[in-house]
Amino acid sequence: MLEKRVETISDDGWKKIIEDFQKLHENEERMELQLELEEAHKQVEDANKQVEQKNQEIKQMIQLMLTNGMSLEFISKSLSKSEDEIRDLLR
């Protein structure tokens, strides 16, 4: 019975089946790429949040050092950062 059906499908019918299959496959690939892109964006956002959190921790540490009487020059040398970089962190 299957053989008979195959024989009755026209060339145009086969072309349509193949085109539909290709479109379906292309759409699946696009969806996979979109999901990968969304995951990459999420990872970037998470990394940015971690960087911001570390910057806040450094800022708090510098403020504590200044509160305890350490000079900006000493903090600069201790952290291997210029005084301007430290001022920028404190803003």
Under 3.5 Å donor-acceptor pairs involving side-chain atoms of residues 62-81, not counting sequence neighbours:
residue	atom	partner	partner atom	Å
T67	OG1	Q63	O	2.8
N68	ND2	L64	O	3.2
S71	OG	F74	N	3.0
E73	OE2	K77	NZ	3.3
S76	OG	K81	O	2.3
S78	OG	F74	O	2.8

Margin query: Measuring from atom CD of E26 to atom CD of E19, what distance do you get when rounded to the nearest 0.5 angstrom?
Written below: 10.5 Å
Next item on the list: Would you mind listing every salt bridge (Lys or Arg N to Asp or Glu O under 4.0 Å) that reaches into residues 56-68, with sequence neighbours excluded?
Entry: K54-E57
Item checked: I18 side chain reached by F21 side chain, heavy atoms, under 4.5 Å -> no
Notebook entry, point to check: What's the spacing between N48 CG and N55 CG if we round to 0.5 Å?
Noted result: 10.5 Å
Check: Between K16 and D20, does at least one N-O distance fall below 4.0 Å, as a salt bridge requires?
Finding: yes
Next item on the list: Step by step, work out the salt bridge (charged side-chain N to carboxylate O under 4.0 Å, His left out) result for E83 and R87.
Entry: CA-CA 6 Å; E83 291 182 20; R87 283 188 197 99; 3.4 Å; yes
Check: Residues two or more places apart in sequence or in another chain: which of them pass side chain to side chain donor-acceptor pair (under 3.5 Å) with Q50?
Finding: none
Checklist line | No-hydrogen, no-angle side-chain donor-acceptor test under 3.5 Å, E29 and H25 | finding: yes
Item checked: Distance in Å, L89 CG paired with D84 CG, rounded so as to fall on 0.5 Å steps -> 11.0 Å
Notebook entry, point to check: With the threshold set at 4.0 Å, does a side-chain nitrogen-carboxylate oxygen contact exist between K42 and D46?
Noted result: yes
Check: Do we see a donor-acceptor contact under 3.5 Å between the side chains of Q34 and E38?
Finding: yes
